[in-house]
Structure formats: structure tokens, C-alpha cells
Amino acid sequence: MKNLVINMSKFQTPRGMRDLTNEDLRYFDKIRKKCGKVAEFCGFKRIEPPILESTELFKKGTGSNTEIVQKQMYNLKTKGGKQLTLRPEGTPSVVRAYLERGMESLPKPVKLWYFGPFFRHERPQAGRYRQLHQFGFESIGSESWIVDAQIILMFYTILEDLGLKNLVIEINSIGDRSCRPHYNKILLDFLKKKQRFLCPDCKRRLKTNPLRIFDCKNEKCQEIVNQAPQTLNYLCKDCHKHFKNVLETLDELQLPYNLNPYLVRGLDYYTRTVFEIISGSEENEGSLVGGGRYDELVELLGGNETPACGGAAGIERIVSLMKKEGKKMRSLSKANVFLAQVGKLPKRKALILMEEFRKAKIKIVESLHKNSLSTQLKRAGNLGIRYVLIMAQKEILDNKIILKDMKTGKQKKIPIDKVVKEIKKKVK
Ligand code: HAM
């Protein structure tokens, strides 16, 4: 769809949203295929929760003190007065489905993956859309560090298979309910001393969830955060052991990671391992993948105490990077056959013949809406198609069709029931 003039028509896509064109969707399809293969190999089953969920699910799951819940959700009220939200992320939905569909009784871990649209009312900029697409993997029911490593490896493998280079895994551990409260206290004591330098949002965060201050983009807050106590120094014995095992496995897998003591991630449900995958190349539009362990979320949403781990990748960001790094999608295979027709009966018969070509998996181009033979031959010529089948009134009555070789200019009549076989010999 090159060289299309974009008109300022009366109706336009909402800000931060866009049409996905055929070109974009070829990248999307490739990514989905890759994901599906890796997911199947690793025993993950596909799930697609609805786009709308109860607002309460995200308030509770994602966390009412997060940017997403406070500022970015598209909320609506149904005619019946129910409060629903266009899903801003997938993890609470997957856990809701896990509980609602009785998956708690399945052998653990229950491994699920998804691919679809999400909605966040953010300020649009490069790599930041209001309708974005993610694929995600969620493994529910195991506390083993091997799961964390496997999930990271799956994302890394997919990105690498898509041809992306210079990938780096940023990783940290933010502890669990036994060690985080102590760390929070230490952090709070530190931040209170710097309170007057913090932005208004961070002053509020001091009261709600001090860990959120690490996500603040304000320069002054960043400076303070860079001197703050690090979660890693306050992990309990179990969290420390878990994290050490994750890192040792990444070493074993020879995955390039950067231990980032200030990575906390902007969602409330994380415990222990948190990670992001970024591109080390200059063209960075933010993280490509984000995820981590969420050992308390299932319980928070009404289930039994159940450890879990997962992550999600931003498809727009991956596609953008693939394009910038020169990864082209193979163009659709070219057709070698053109079906021309003249007259009412040939037009109808043409549709029947096309069906036979479709079943034989032979690509064919037509201009069924055209009547003039010369126009149709001209189009076949412009498309560089070698074989033209001409269905004309007289020949059709004899059950014949004309086969014209555009390269040699020669033509011959062949029985209509032999034409697919004849063409197959020439083009396959
Ligand atoms: P997240 O970090 O909010 O995590 O999003 C995951 C990925 O989605 C990001 O790394 C980024 O590539 C992409 N993304 C996020 N916001 C936008 C946006 N506005 N425009 C374009 N791309 C965007 C989650 O969503 C968690 N549910 C991940 C997870 C799964 N954690 C555990 N399981």
C-alpha cells in the first residue's frame, strides 16, 4: 500500500490508535506463528480472555496505585450499571479465567499463552499506543526458579528467531511478603529525608506504594532513586536463593543479562524476579518484553495460595524494530496464471474453474468485473504473468479453453477438464 495519499477525511482513528495495514499484519502473523510454535513446544495452551472485564479485576489485580489503574484505563458503564474496562493488560484476566474455569484442579503448572489487543490511555509517542498488541505467557502453579528462566528463555528465543539483535535482559528481584515490608520501611526512611525534592506524584506515592517511585520519569526523582537502597540487599534467604538460581540458569543458557537493582516494574502484583527485555540498539522505543513472578495474585483474586510467573511482549515495538533492522517480510507468492473471460456464460464458468485452481493450490489472478479481452490481457502483461487462460463463449460451448503463453505468444485450445492438470505441469 505504498504511495497512498492520506486524506484528512471526516472520520479518523482515535488518537493513539491506528489501522493495521496488510503490511503490518504480515509481521503480526509471523510473530504469532513463531509464538505459537514456541508455546506448543513448551506445553503452553492458548487462551483469549474477553476484551472487556470488570473494572474491579484490574483495580485489585494490576493494583489501584499503579499508573495503569489510576490514569490509563478505558472504563465504561453498561446499560445494566456494571462497571467494565477495556483490558489494559492480560495477567489479571488469565488468572480470573484460571479460577473461573476450574483450572485450579489441573496438574501444575497450568501454562497459558495469549495474543491480542490491549488498551491504555497513555500519551501517544513512538512505541506507545493506546491500542497496543501483546503476546504473553503465564505459568501458574510452580514456585521453581526454573520456570522464571524458562519464560525468559522463551521470549528471548522468539525475539532472536525474528532476527532481532543486541537484546539485553534487565533483571532484578524485589523480594516477597516476608522481606519486602522490611525493605519498604528502609526505602521509606530514605525517601522521607529527600521528600522535599520529590515531584507531587512521588510525594503521593510515598504514602501509597513507595516502590512506584522507581518508575518516575522526573529527572530529580530519578537522581534520588539512583542513590536509594537496593532491594537485592534486603532479600530474605529464600528469595536470595531463588534469584541466585535464576541467574545461574541464565548464565548456563548464555543469555546476556544486566542485573538492574532499580528495576521494579509498574504493576503491583510482582514478587521476586522481575525482568524486561530491551534492545541495546539505538532505535530503542522502550522495553520489548516485561514480566516477572506474581506469587500472590491468584490468592488476591480469590484462589488458593499459588505461585506464578509470566511475561508479555509488545508486538508494535517488535515490528517497529524488525523494520528498522531491515527485516523484510517475504512478499506474497506471485501468480503465474491469469484467467480472462469474455461473455456472460464464461464469467460464470470462470468462478467454477477458479474454485478448482484454489483446491489445487495454484494461485490465479482474474479481472472478472472486466468485459474487454484486450484490457484483461494488458493487465496480465502488466503483472508479468506468463500464462493466460481465455474463456470465450464459443470455446466454452465446446468445453474448451484457450491457453496463451505470453512469453512466446503461442496459444492452443485445451479441454476444460484438463486445464488444471496442464497448468500444474507448467507452474509447479
Ligand atoms: P507491561 O510491561 O505493562 O507488562 O507490558 C508488556 C509489554 O507491552 C511492554 O514491554 C511493551 O513492549 C508493551 N507495551 C506496554 N505498553 C505499551 C503501549 N502503550 N504501546 C505499545 N506497547 C506497549 C504487562 O502488561 C504484564 N501483564 C506482563 C506480565 C505478564 N507480567 C507477568 N505476566
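Counting from 1, the numbers follow the sequence of the chain as shown. Just so it is clear, the structure is predicted and the values come from calculations on it, not from any experiment. Indexing begins at 1, ligand by ligand and atom by atom, following the structure's order.
- The backbone N or O of E122 sits less than 3.5 Å from a side-chain atom of R130, completing a donor-acceptor pair.
- Distance from atom 22 (N) of ligand 1 to its nearest protein heavy atom, with residue and atom name: R317 NE, 3.6 Å.
- No side-chain donor-acceptor contact under 3.5 Å links D176 and H242.
- With atom 4 (O) of ligand 1 as the reference point, the heavy atom nearest to it among R265, E276, E122 is part of R265.
- Every atom of ligand 1 with a heavy atom of L288 under 4.0 Å away is listed here by number and element: 10 (O), 12 (O).
- Surrounding CD of E252 are at most 12 heavy atoms belonging to other residues, nucleotides or ligands under 6.0 Å away.
- In this pair, F28 and F115 present their aromatic rings perpendicular. The plane angle is above 60°, beyond the 30 to 60° band.
- Shown in contact with G310 at under 4.0 Å from a heavy atom are these atoms of ligand 1, numbered in order with element: 30 (C), 31 (N), 32 (C), 33 (N).
- The protein heavy atom nearest to atom 28 (C) of ligand 1 is G290 O, 3.4 Å.
- Figure legend: R379 and F338 shown without cation-pi pairing, the cationic atom not lying both under 6.0 angstrom from the six-membered ring centre and within 45 degrees of its axis.
- Using a 4.5 Å cut-off on side-chain heavy atoms (C-beta onward), R205 and L198 make no contact.
- Of the protein's non-hydrogen atoms, the one nearest atom 8 (O) of ligand 1 is Q134 NE2, 3.0 Å.
- The protein atom (non-hydrogen) at minimum distance from atom 31 (N) of ligand 1 is Y270 OH, 2.6 Å.
- Atoms of ligand 1 lying under 4.0 Å from any heavy atom of S287, numbered from 1 in the order shown and given with element: 9 (C), 10 (O), 11 (C), 12 (O).
- With hydrogens and angles disregarded, no donor-acceptor distance shorter than 3.5 Å links the side chain of N226 to the backbone of E223.
- Within ligand 1, the atoms closer than 4.0 Å to a non-hydrogen atom of G291 are 31 (N), numbered from 1 in the order shown.
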